[in-house]
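Reading through the structure tokens given below for one structure.
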Amino acid sequence: MYTNNPKILSWIYEMAAKTKPDNIVWIDGSEEQLEELRQQAYKTGELVKLNQEILPGCVYHRSALNDVARVEDRTFICCEKEEDAGPTNNWMAPDEMYAKLYEIFDGSMKGRTMYVIPYSMSIVGSPFAKYGIELTDSIYVVVSMAIMTRVGTDVYDAIGDNGDFIKGLHSKAELDAEKRYIVHFPQDNTIMSVNSGYGGNVLLGKKCFALRMASCLGRDEGWMAEHMLILGIENPDGETRYLAAAFPSACGKTNLAMLIPPEIYAKKGYKVWCVGDDIAWLRPGPDGRLWAVNPENGFFGVAPGTSMKSNPNALLSTMKNSIFTNVVLKPDGTVWWEGMDKNPPTGALNWKGEPWDPSDGSKGAHPNSRFTAPARNCPCLSKEFDNPQGVPISAIVFGGRRAKTAPLVYQSRNWDHGVFVGSIMASETTAAATGAVGVVRRDPMAMLPFCGYHMADYWQHWIDMGKKVANPPKIFNVNWFRLDDEGHFIWPGFGDNMRVLEWIMKRCFDEIDAVDSPIGYMPKPEDINIEGLEGEVTLDTIKDLLTVDNGLWKQEVDGIKEFYSKFGDKVPKELKDCLSELEANLNK
Ligand code: OXD
Ligand code: MN
């Protein structure tokens, strides 16, 4: 016990009375205690010790077969009024949900230990920091939270005498998918998660706190919690400029966050620094700019597809003190996943723990298998990662996966138009996802599953924030995924995305012109640097990537109207005006 705060203790004991653990262990964040817990978990099989010579400090974990991803249909926002949750969130009256959950939590920790994890999102004491306590019956959760957040008893001092922290209760219970719930009570600063052991559902600091709850706190306190990576581009003069970027899943967010510049840039002295790969908290600074921190302390990344070719910085981040979940376990105590290299191992176990024969066509790793790695391991981690003031953001970048509609890059005309560009973000489904191919899925600001309140009120909050920041970031949209008529990607992507980021940064600092188009400002094709680009990318390719097809955009306008109609009268006037202007521009 590291606190006498009655508000903290009474809540912990109240939850213990309901869940009835055999004992309570107070986590202090020390390596000794974490090691003791790992040793216990090796005995029960909850964790498997990996080859400590090759992967020092690394462990392996499997989640239950029916428990391998976030469960959006079982995720609830239980604010007082249904209309405040909006049409894109599940809602239930708080009393009804508490009654349902307490029935499930009743005795759920019998025969188990309850761990009390004090943690901070962002650096303890930073103006951005928010604190949480997670109660859990899972050692996997304890060791993962110790990577993903800043765990330590200093959090109790930071919370101080008031009760200002996010309460999180998690129990694996029976891992019963029918009784699995991920629930947020914004008015009580409370999160409850039950019957799951999958990271995205149970590491409560991440999506539940740092996005859903924090979006509500940001609305009330005048800041923003966003599903964005943060990166810094250092130019040859040693000046670093920062951008934040939001993409729906499967658009290469972690790859962009850890981008390696093409050789011609590296030779000139450009460097890219990663501040965060998933979440950004943004606040107006005293200088009239928007400043951002990554509230997390580690990366919870999708393993398949991560290789020394696609993202060496991510792979190198996992080489020590990391957790691998649902990947292939090799006989030498190391791990493998599809896309790591072209040599699937023999004699290995698949993610289900079964002997795996790569030649039978089955996947060895689950497609949503993960690594949980300390940010500090990342070779390109920004020096500002631990700066409690954050970094000043010059550009906000939105993006999606569009075969034809969106050009490689365009710039919004102003903040409100940028909010419009974010609100219409969409991705087309690929063959890899289940369901039809080419269906447009709207995912405003990539926040559809993560906004803790009504999406249209969230857009209004964005509009309001623009008024609070004298010198707001410029807002852009990118599309790395344009296809030619044969279905091939036209743009090489990966490190070459640097060429587009360079244009974006030059725009932010008034160093380059742009041309007007019906949808916003576009680069002159010759202003995208193609020097040193291998393959077939020529000026004509860039011209092609920058075309705006009027017919497709008219269809897009119809799609946006249909999408906005879900939100009724709440859609901010500024966004409706942007939509009318877009339509008028297309009809000119
Ligand atoms: C994630 C997600 O896991 O966005 O980061 O789903
Ligand atoms: Mn994410």
Side-chain angles (χ1 to χ4, degrees), residues 61 63 67-75 88-89 121 140-141 144-145 147-149 182 184 193 196-215 224-231 244-258 274-282 292-306 311 314 317-318 322-327 337 365-373 375 378 396-401 422 425-427 429-430 432-434 441-452:
H61 172 74
S63 61
D67 187 26
V68 290
R70 286 186 292 101
V71 280
E72 287 173 18
D73 57 326
R74 309 203 66 94
T75 300
T88 56
N89 282 314
M121 300 312 292
Y140 166 73
V141 169
S144 299
M145 286 294 282
I147 294 175
M148 294 304 297
T149 72
I182 318 299
H184 309 73
S193 162
S196 175
Y198 167 72
N201 297 326
V202 302
L203 307 181
L204 299 185
K206 195 174 180 62
K207 304 297 187 184
C208 298
F209 180 164
L211 289 175
R212 298 194 192 97
M213 298 298 270
S215 62
M224 304 162 85
E226 299 300 330
H227 191 198
M228 291 179 177
L229 64 91
I230 308 168
L231 66 80
F247 296 86
S249 54
C251 289
K253 205 160 135 214
T254 305
N255 293 347
L256 186 65
M258 300 177 189
C274 173
V275 182
D277 76 325
D278 196 38
I279 297 176
W281 284 359
L282 304 116
V293 292
N294 167 13
E296 300 191 279
N297 204 22
F299 308 122
F300 181 63
V302 176
T306 306
N311 193 341
S317 302
T318 68
S322 296
I323 303 171
F324 299 91
T325 309
N326 296 340
V327 300
W337 49 74
H366 187 277
N368 192 37
S369 55
R370 298 278 175 155
F371 55 79
T372 309
C378 181
I396 288 177
V397 180
F398 295 121
R401 184 182 277 273
M425 251 174 77
S427 253
T429 49
T430 62
T434 48
R441 280 212 189 118
R442 300 266 158 215
D443 186 357
M445 285 84 169
M447 281 290 277
L448 199 66
F450 305 119
C451 185

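All ligand and atom numbering here is 1-based and tracks the order in the structure.
With a 4.5 Å cut-off on side-chain heavy atoms, Thr75 and Arg70 do not count as touching. Looking at Ile279 and Leu211, their side chains come closer than 4.5 Å, going by heavy atoms from C-beta outward.
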* To do: Would you sort out whether Ser196 and Asp67 count as a side chain to side chain donor-acceptor pair (under 3.5 Å), showing the intermediate values?
  => CA-CA 6 Å; Ser196 175; Asp67 187 26; 2.7 Å; yes
* Chi angles and distances behind the side-chain contact (heavy atoms from CB on, under 4.5 Å) call for Leu203, Val141 -> CA-CA 6 Å; Leu203 307 181; Val141 169; 4.3 Å; yes
* Does the side-chain contact (heavy atoms from CB on, under 4.5 Å) test come out yes or no for Phe209 and Thr149, once each step is laid out? -> CA-CA 11 Å; Phe209 180 164; Thr149 72; over 6 Å; no
* To do: Could you go through the side-chain contact (heavy atoms from CB on, under 4.5 Å) check for Phe398 and Met228 one step at a time?
  => CA-CA 9 Å; Phe398 295 121; Met228 291 179 177; 4.0 Å; yes
For ligand 1, list all ligand N or O to protein N or O distances below 3.5 Å, rounded to 0.1 Å.
from, atom 1, to, atom 2, distance (Å)
ligand 1, 3 (O), Arg370, NH1, 3.1
ligand 1, 3 (O), Arg370, NH2, 3.1
ligand 1, 4 (O), Lys207, NZ, 3.0
ligand 1, 4 (O), His227, NE2, 3.2
ligand 1, 5 (O), Lys207, NZ, 2.9
ligand 1, 5 (O), Asp278, OD1, 3.3
ligand 1, 5 (O), Asp278, OD2, 3.4
ligand 1, 6 (O), Arg70, NE, 3.3
ligand 1, 6 (O), Arg70, NH2, 2.8

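Residues satisfying the side-chain hydrogen bond (donor to acceptor under 3.5 Å, both in side chains) test with Tyr198, not counting sequence neighbours, are Asn368, Arg370. Qualifying side-chain contact (heavy atoms from CB on, under 4.5 Å) partners for Ala373, counting only residues two or more places apart in sequence or in other chains: Ser317, Thr318, Ser322, Phe371.
For Ser193 (side chain) and Asn201 (main-chain N/O), a donor-acceptor pair under 3.5 Å exists by modelled atom type.
Within the protein, the N, O or S atoms lying under 2.8 Å from the Mn ion (ligand 2) are Lys207 NZ, His227 NE2, Asp278 OD1.
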